[in-house]
Amino acid sequence: MRRRGINLSNQSQDLYEKISDLSRRRGIFWTSFEIYGGVAGFYDFGPVGVLIKRNIANQWLKHFVYTKENVVEVETPIINPRIVFKASGHEDHFTDPVVECLKCKRVYRADHLIKDLLKINVEGWHPENITNLIKDNNLKCPECGGELSAVFNALLLFTTQIGPYRGETAYLKPEHAQGMFINFPQLFKISRSKLPLGIAQIGRVSRNEISPRQGLLRLREFNIMEVEFFFDPEEADEEVKEVLEEIKDEKLRVITADMRLNNIEEPAEFTVNELINEKIVKTPWLAYWMGVGNRFLRSLGIPWDKIRFVEKLPHEKAHYSAQTFDQEVYTQRFEWVEVAGYAYRTTYDIERHAEYSGKDFMVFKRYEEPQVIVVEKVTPTPTTIEKIVGKENLGRVMRILSQIKPDDIAKELNTKGFIEVEGFKLPSECFQIKKEEVKVHGKKIYPHVVEPSFGLERLLYVVLEYSYHEREDKVVLRLPPYLAPYHVAVFPLLAGRKIEHIKMVSIARKIYKDLVNQGFRVLYDEEGSIGRRYARADEIGVPYAVTVDHQTIEDDTVTIRDRDTTEQIRIEISKITKFLLEKIGIGTLV
RNA sequence: GCGGCGGUCGUCUAGCCUGGAUCAGGACGCCGGCCUGCCACGCCGGAGAUCCCGGGUUCAAAUCCCGGCCGCCGCACCA
């Protein structure tokens with residue numbers, strides 16, 4: 001028998017190319033705007049691609065939201081007014097200082113150019129100051145010797161306007177985080193004012209990358225799945241224990257910043273518990289979510305030893321982060337690829353939004369027992385003060401005193417014996433000091449934040465890499481059943497014109513309909529030989545295929561073929577549902 | 001953004017160096033028909049290419065030259 005098949009024989013193709021080919025052929029993804037020449041950094045997703053993506057997202061929801069009592073999901077706008085990213089620091093940090101050669105039009109990173117030529121670190125400098133530095137040192141284009149332009153900031157945020165006509169400047173969000181921070185006070189109330197509180201979001205973000213490449217791995221518009229997890233750092237050790245049991249023994253492969261500084265490249269193994277106990281993480285919640293993320297990736301079919309966590313070095317971290325780990329997956333062409341980041345954002349973001357909005361982002365933390373504290377109440381006595389400052393100055397001095405915190409006055413008096421106002425030394429006699437007992441029920445704190453954040457398209461790519469197999473020159477996508485675009489395929493063995501064939505088709509169609517109505521995603525196909533249909537289903541990862549054959553007409557049984565083994569079993573039609581639920585898992589039929 | 005290489009039906013490719021007879025050829029895939037008792041079987045037929053885009057050279061450009069777009073690799077970049 002002659003072997004046919006699509007062109008998989010091209011030996012020079014690496015996995016990346018094979019996946020790109022498969023994806024184009026079977027409707028997973030391809031580059032956008034192709035008829036107009038294409039635009040780098042944008043991809044379209046086809047019928048199969050959107051289904052797999054949605055399944056990955058559902059799996060994420062299961063791990064990060066639905067199974068976590070204190071995590072809720074929100075959706076916030078893509079377009080944000082400028083103030084949001086001023087407050088977040090993006091307008092200052094999500095930007096590169098750039099100079100252009102006026103002669104040859106080459107563009108340079110200004111900070112890198114100066115570091116190379118003058119050995120000066122200008123990170124964080126204002127563009128104007130960098131421009132002056134260039135002028136003062138008479139720096140020229142290193143390539144052609146031409147004059148350099150003024151330094152300007154290349155902003156990596158997409159810009160737009162709110163309002164079609166002379167609108168307000170706005171940005172497309174590059175991450176979801178701000179949407180959750182802004183809504184924290186509201187969601188905290190809705191969630192009955194309890195910490196810890198996780199706020200999750202899935203959706204599109206965009207980044208105006210300078211030079212996107214590497215297919216799905218670096219897009220200008222993509223989906224992020226993110227949790228902002230708010231907690232009280234003082235209670236973290238205790239509170240994490242309540243949920244740690246399920247994940248504490250999850251083993252992670254980790255390269256710490258220390259290891260990197262010592263040139264150790266091979267990850268060390270830690271359980272979540274060990275990460276916490278050995279103080280490798282700055283908050284136990286970071287380790288907790290890393291554990292959840294590790295298990296999530298394994299559930300996507302990524303082998304344990306192809307996942308690693310790499311701690312960022314201080315200079316690699318984002319402006320808001322106290323500690324960051326990247327979660328990476330090994331790929332054939334690009335080696336280790338970041339699929340998630342775990343950042344300890346502390347109070348940075350909500351403090352900034354509090355500052356810029358003037359709203360209160362603090363939460364009240366109730367003490368277990370009200371604390372009785374003794375406060376010294378300090379009241380100035382004008383008559384005594386007047387004797388020292390004179391009548392004409394009394395009003396002014398009193399006003400100034402009223403603006404100083406009583407605590408600070410008391411402190412001054414206790415240490416120096418007087419407080420100085422406008423050059424006058426006012427001794428204790430000028431104040432009435434009363435000790436009062438006050439019941440304090442709690443205090444206000446800014447919650448800290450840990451953020452696990454996943455790139456959905458990157459996950460799609462690594463999932464495809466690890467599910468891609470070839471069997472006798474044919475592609476088999478060994479997706480975990482709950483990620484497959486269809487749970488099951490239904491085929492009539494033959495679909496010709498004979499009475500028997502017509503019966504097969506009608507039974508198969510009925511099975512298809514029944515399964516769809518039960519919530520399964522089902523692929524029905526009657527075109528081409530049965531072998532060809534199996535092959536088509538294999539290529540998009542359909543885990544099971546039900547075939548209606550001659551025997552079905554006799555006794556209501558069908559065969560079910562397993563995608564990975566190609567083995568078939570025969571079962572009664574009435575038992576298909578039970579079989580599928582057992583194999584696929586009912587919890588995944590979201 | 002810089003440099004190198006590349007871009008021909010959905011896919012892989014022949015043709016490009018040495019411009020002209022190719023209506024741009026083939027294979028696989030796709031569609032229709034026949035056949036078919038379980039793994040891309042066979043037979044017949046069919047659709048499918050802006051030769052990446054634009055300009056130039058030439059009597060004549062898929063082919064030569066220039067610019068752009070896109071892709072790959074290296075550098076840079078990746079809050």
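We use all heavy atoms of the structure for the numbers below, so side chains are in, but hydrogens, waters and symmetry mates are not. Chain naming here is simple, since letters A, B, ... match the order of the sequence lines and numbering starts at 1 in each.
- The residue A/Arg563 sits apart from the nucleic acid: no heavy atom pair falls under 4.0 Å.
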Compile the donor-acceptor pairs under 3.5 Å between side chains in residues 497-504 of chain A and protein atoms, sequence neighbours left out, one pair per line.
from: A/Glu500; atom 1: OE1; to: A/His550; atom 2: ND1; distance (Å): 3.0
from: A/Glu500; atom 1: OE2; to: A/His550; atom 2: ND1; distance (Å): 3.0
from: A/His501; atom 1: ND1; to: A/Gly496; atom 2: N; distance (Å): 3.1

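- In this pair, A/Phe230 and A/Phe181 present their aromatic rings perpendicular. The plane angle is above 60°, beyond the 30 to 60° band.
- Heavy atoms of A/Arg213 sit under 4.0 angstrom from at least one base atom.
- The number of heavy-atom neighbours closer than 6.0 Å to NZ of A/Lys312, taken from other residues, nucleotides and ligands shown, is above 12.
- Nucleotides B/rA40 and B/rU11 have their C1' atoms positioned 15 Å apart, rounded to a whole Å.
- Remark: the A/Tyr36 side chain and the B/rC69 base include no donor-acceptor N/O pair separated by less than 3.5 Å.
- Remark: the A/Glu209 side chain and the B/rC78 base include no donor-acceptor N/O pair separated by less than 3.5 Å.
- Residue-level contact check: A/Thr559 touches the bases, meaning some heavy atom is under 4.0 Å from a base atom.
- Between B/rC9 and B/rG25, the two P atoms lie 13 Å apart (nearest whole Å).
- Within 4.0 Å (heavy atoms only), A/Phe42 reaches no atom of the nucleic acid at all.
- In this entry the distance linking CZ of A/Phe29 with P of B/rG71 reads 13 Å, nearest Å.
- Between B/rU13 and B/rG7, the two P atoms lie 10 Å apart (nearest whole Å).
- Ring pair A/Phe29/A/Tyr43 is perpendicular by interplanar angle, where above 60° counts as perpendicular and below 30° as parallel.
- Across B/rG33, B/rC73, B/rC39, the shortest atom-to-atom separation from the side chain of A/Thr566 is found for B/rC39.
- Counting any heavy atom pair closer than 4.0 Å across all strands shown, A/Leu494 reaches a base atom.
- Heavy atoms of A/Arg536 sit under 4.0 angstrom from primed sugar atoms or phosphate atoms, though from no base atom.
- When the C1' atom of B/rC78 is taken as reference, atom CD of A/Glu457 falls 16 Å away, rounded to whole Å.
- Contacts of A/Glu567 with the nucleic acid, taken as non-hydrogen atoms under 4.0 Å apart, are absent.
- Between the C1' atoms of B/rC69 and B/rG15, the separation comes to 25 Å (whole Å).
- At the heavy-atom level, A/Ile35 lies under 4.0 Å from base atoms of the strands shown.
- Of the candidates B/rC72, B/rA40, B/rC38, B/rC38 carries the atom nearest the A/Asp549 side chain, counting heavy atoms from C-beta on.
- Among the atoms of the strands shown, base atoms are found under 4.0 Å from some heavy atom of A/Glu175.
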